[in-house]
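A short worksheet on the structure shown next.
In what follows, chains are A, B, ... by sequence order, proteins preceding strands, each numbered from 1. What you see is a predicted model, and the numbers here were worked out from it, not measured in a lab.
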Amino acid sequence: MKHVTGMLAAHLGGELDPARAGEVEAHLAACEGCCAEAARLRATWDILATAAVPPTATRADLWSGVQARTTGQAAAGWFFGRSATARASLAVATLALGVLVGRWTGTLGGTAVADDDNTDDSSLAGVWLQDSTWDDQASGGLSDSWLALAEVTDSRQSAGNGGTK
Amino acid sequence: MGQQRPDIDDDTLMARTAAGEEAAFRLLVDRWQHDVLAFLINMTGSRDDAEDLAQETFVRVFRQAGRYRAEGKFRPWVLRIAANLARSRGRRARLLKWLPLDTERHDVASNTPAADRGIEAEQTAQVVRAAIARLPERQRQALVLHRFQGMRYTEVAETMGTSLAGVESLIQRALAGLRVDLAQEDERP
Ligand SMILES: [Zn+2]
């Protein structure tokens, strides 16, 4: 008899297809252990509702703050508006920095952030690299982290040049 | 705030934002700010942190508008930006030896009068939030997206850049972990 404890959360959330849902229900009717675990998980599932902050509970209006930080900035990618040489040198600099950051956070990964759940579906080859993988898989493009770092690089340049050109 | 135009889809608004149309960007902020903010409060447990991170999220939406892919998936896209920001802040906080959500930072409740919800219910909510805060980052993220933000597993997978099986496993372990954690909480005097 194959127990179904690994499918109980998906069952509670209504995420199992009919075949697997049927399998779980048939098993629960026959297995005391799984049935007891299902009851405990349902109680946990239900109590979670008490802790939720629903979107309707947030009254803040973020616009004025966001507007203050975006007015006068170009929305489209500054990166692609630059010359090919500038893009290439930036890319090299960013990659080098990325490797450094990857090494640095990779070292920390063994200690300070050891409680992070990195065993699931992404290996921890430095938190930086993990971020890149994550975003690239999802968007097929430049990762958010990559862009974030590129922005840092850009603001440093701007500071050095006394403003964006 | 004038006329709401829910008929204009997110992808169109993003294209107009990229073209420099501020009114389009504002509609996006108005439309999504509560979802983003609630997600960040649920992730960080702090309303102040969440507002700050939500603002930063939309600043990044604006800056990256030119590279947004119009595939009708604005929500997973914006919540992924928010999640990345929450994660780097949480990591920085841990490096500085602060807990991401310790008891003195439980300011979420302050916005909801205790009298309305009942003191006991509020205490339960705080215990549950503290247990959620102790979950590993990706388990917490998957659980919050699904249980609190109401995302189906497919949408959670898109947001987190993982597989359906990965989401199923994360949420299963999150729920089982909370069950054990909360049972231990009950046994405390
Ligand atoms: Zn069983």
query = If you group Ile, Leu, Val, Met, Phe, Trp and Tyr by side-chain heavy-atom gaps below 4.5 Å, do B:Val59 and B:Leu37 land in one group?
reply = no

Distance-only polar pair, side chains of B:Thr12 and B:Arg16, donor-acceptor under 3.5 Å = no

remark   = Only one of B:Phe25, B:Phe58, B:Trp32 passes ring-ring contact (aromatic ring centres under 6.0 Å, His included) with A:Trp63, and that residue is B:Phe25

key: Contacting region of B:Val29 [heavy-atom separation from chain A under 4.5 Å]   = side chain

inquiry  = I want to check a possible cation-pi pair here: B:Arg147 against A:Trp45, using under 6.0 Å from ring centre and within 45° of the ring axis as the test.
reply    = yes

key: B:Leu27-B:Tyr68 co-clustered via ILVMFWY side chain contacts under 4.5 Å   = yes

message = Less than 4.5 Å to any heavy atom of chain A: does that hold for the side chain of B:Gln172, its backbone, both, or neither?
response = both

query = With a 4.5 angstrom heavy-atom cut-off, which part of B:Asp35 approaches chain A: side chain, backbone, both or neither?
reply = both

Engaged part of B:Leu182 at the chain A interface, taking heavy atoms whose separation is under 4.5 Å = side chain

remark   = If one checks every heavy atom of B:Phe39 against chain A at 4.5 Å, the contacting part turns out to be neither

remark   = Okay, B:Leu164 and chain A: the region with an atom under 4.5 Å from a heavy atom over there is neither

